[in-house]
Amino acid sequence: MAAGQTVLQIASTSTGLSAKLHPTVLFNICDSYVRRNDQAERVIGTLLGSVSADGTVDIRNSYCVPHNESSDQVAVDIDYHRNMYELHQRVNPKEVIVGWYSTGSGVSGSSALIQDFYSREVTNPVHLTVDTRFQDIEGSIRAYVSTILSLGDRQLAAQFHEIPLDLRMIEAERVGFDLLKKAIVDKLPNDLEGLEATMERLLALIEDVFKYVDDVVHGQIAPDNNVGRYLMDTMAAIPKMSSDSFDKLFNDSIQDLLLVIYLAGLTKTQLTLAEKLNTAAQIL
C-alpha cells in the first residue's frame with residue numbers, strides 16, 4: 001500500500017452512527033500492545049460485533065493482525081486476518097467484522113490506507129483508537145467512520161468523523177479499567193478492596209446529587225426537568241426500608257461475600273496440597 005492519501009480528522013456526530021464498546025475488546029487491545037514487537041510503534045486489529053437497525057455498532061470482540069508500516073507504505077497480513085476471522089466464525093457466527101482498531105492518540109496518514117482495506121471487507125467500518133499510554137484519560141478511546149473526498153473520478157482524501165462511543169462496563173469491570181489507566185499499580189485489589197472502591201464512588205455520586213439539589217433549591221442553578229424526573233424515577237426504584245433493615249441486609253451480604261472468599265481460598269489450598277502430594281508420590 002502506498003501512502004498517497006491525506007487524512008482530515010474532523011469531530012462530527014452528523015453521521016447518525018454510534019458505537020458500544022465492551023471491556024473485553026479494550027483488554028484485548030492492551031494485551032496486544034504489551035506483546036507487540038520491540039520495533040512496532042503501534043498495533044492494529046479487527047473488530048467483531050454486530051450492527052443494529054438504528055445504526056448502533058456493538059463491538060464485542062477483536063483480534064490482533066500483524067502489520068508493518070513505514071513513512072511511505074503499510075503492509076497488512078491479509079491471510080492471517082482472514083484465517084482468524086474464519087476461526088471466529090466457527091465459534092460465534094453472529095459476530096461479523098465491524099471495523100478495526102489501532103493504538104495511539106488518533107488517526108494518522110497510514111490509517112486511511114488501512115481504512116480503505118477494511119472498507120472492502122465491510123460497509124462503513126468503524127475505526128477505534130486507543131491511547132494505551134492513557135495520557136489523556138477523558139479522550140483516550142475514540143471511534144471514527146470515514147468518507148472519501150473526491151474531485152471528479154479522483155480521490156483526494158479520507159475524511160474521518162468521530163462518532164459517539166459508549167463503554168459498556170459494569171462496576172466490577174470499571175474497577176479494572178481504572179487500574180489500566182494507572183502507570184504503576186502496587187497490587188491488584190481483592191474483592192473487599194474492590195467493594196470499598198465501588199462504595200466510595202457511589203458515595204461521591206450521592207454527594208454530587210445532594211449538591212445539585214441544594215443548588216437548585218437555593219436558586220444557584222436553573223432547574224432541569226429531565227434531571228428531576230430521572231432523580232424521581234431513581235428514588236422510586238429504591239425499596240423503602242428502615243436504616244436498621246438496610247444495615248442488616250448489607251451486613252448479611254458482606255458475610256456471604258466473606259464466606260465465598262473463605263471457601264475459595266480453602267479450595268485453592270486443598271488443590272495445591274493434593275498436587276504436591278501427587279507429585280511426591282510419583283517421585284517415590
Side-chain angles (χ1 to χ4, degrees), residues 7-30 32-33 42-63 94-108 111-112 114-119 121-149 157-178 180-181 201 204-205 208-209 212 224-231 233-234:
V7 175
L8 300 178
Q9 181 178 338
I10 300 177
S12 173
T13 57
S14 60
T15 59
L17 296 176
S18 61
K20 295 180 181 179
L21 178 64
H22 291 252
T24 304
V25 179
L26 182 61
F27 298 148
N28 286 342
I29 295 173
C30 293
S32 300
Y33 181 77
R42 67 170 183 169
V43 296
I44 68 170
T46 302
L47 299 176
L48 302 175
S50 61
V51 181
S52 60
D54 60 354
T56 301
V57 181
D58 192 11
I59 306 173
R60 295 192 296 266
N61 206 344
S62 66
Y63 57 86
K94 294 183 179 180
E95 292 184 352
V96 298
I97 298 175
V98 295
W100 66 287
Y101 71 81
S102 68
T103 58
S105 58
V107 296
S108 61
S111 297
I114 304 175
Q115 181 79 359
D116 180 67
F117 164 71
Y118 278 93
S119 296
E121 298 288 309
V122 61
T123 303
N124 204 12
V126 173
H127 175 32
L128 182 72
T129 61
V130 179
D131 184 7
T132 48
R133 295 173 297 178
F134 289 99
Q135 294 182 349
D136 183 5
I137 300 302
E138 297 299 329
S140 60
I141 306 172
R142 300 178 183 272
Y144 302 90
V145 294
S146 67
T147 55
I148 300 299
L149 300 180
Q159 181 180 0
F160 281 83
H161 303 268
E162 186 177 351
I163 61 176
L165 179 64
D166 181 19
L167 296 178
R168 311 293 291 179
M169 294 186 184
I170 61 176
E171 191 60 35
E173 295 167 339
R174 188 167 295 278
V175 172
F177 176 69
D178 292 339
L180 283 177
K181 296 187 291 186
R201 188 178 294 107
L205 293 175
D208 290 340
V209 172
Y212 172 80
D224 189 333
N225 294 332
N226 294 327
V227 176
R229 293 190 185 96
Y230 183 80
L231 293 177
D233 294 339
T234 302

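Note that these values count all heavy atoms, side chains included, but never hydrogens, waters or copies made by symmetry.
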Nearest 0.5 Å, what's the [atom1]-[atom2] distance between [X] and [Y]?
X	Y	atom1	atom2	result
Tyr101	Ile141	OH	CD1	13.5 Å
Asn124	Ile163	CG	CD1	8.0 Å
Asp166	His22	CG	NE2	9.0 Å
Ser62	Glu95	OG	CD	10.0 Å
Leu48	Ile97	CG	CD1	6.5 Å

Handout entry: Residues that Asp233 engages under side-chain contact (heavy atoms from CB on, under 4.5 Å), provided they are two or more places apart
Key =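 With neighbours one apart ignored, the set is empty.
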Practice task
Check side-chain contact (heavy atoms from CB on, under 4.5 Å) between Val51 and all other residues, then give those that pass, not counting sequence neighbours.
Solution key: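 Result, side-chain contact (heavy atoms from CB on, under 4.5 Å) vs Val51: Val57, Val98.
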So do [Y] and [X] actually touch side chain to side chain, heavy atoms under 4.5 Å?
X	Y	answer
Ser146	His127	no
Pro125	Phe117	no
Trp100	Glu121	no

List the residues meeting side-chain hydrogen bond (donor to acceptor under 3.5 Å, both in side chains) with [X], not counting sequence neighbours, and say none if there are none.
X	result
Asn28	none
Ser52	Asp54
Ser50	Arg60

Practice task
Report the C-alpha separation of Ser18 and Thr56 in whole Å, then their side-chain angles, then the decisive distance to 0.1 Å, and conclude whether the side chain to side chain contact (heavy atoms under 4.5 Å, CB included) test is met.
Solution key: CA-CA 5 Å; Ser18 61; Thr56 301; 3.4 Å; yes
Completion exercise
Between Asp224 and Asn226 the two heavy atoms that sit nearest each other are OD1-N, 3.0 Å
Practice task
Could you tell me which non-hydrogen atom of Pro164 sits nearest to which non-hydrogen atom of Leu17, and how far apart they are?
Solution key: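 Distance-wise, the nearest heavy atoms are CD-O, 3.4 Å.
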Practice task
Apply the side chain to side chain contact (heavy atoms under 4.5 Å, CB included) test between Tyr144 and each candidate in Val126, Thr129, Leu128, Leu165; give the one that qualifies.
Solution key: Thr129
Handout entry: Working for side chain to side chain contact (heavy atoms under 4.5 Å, CB included), residues Val130 and Leu26
Key = CA-CA 8 Å; Val130 179; Leu26 182 61; 3.8 Å; yes
Handout entry: Pair Tyr118, Thr46: side-chain N/O donor-acceptor within cut-off below 3.5 Å
Key = yes
Exercise for the section: Name all residues meeting the ring pair (Phe, Tyr, Trp, His ring centres under 6.0 Å) criterion together with Tyr212; count only those two or more places apart in sequence or in a different chain, and write none if there are none. Expected result: none
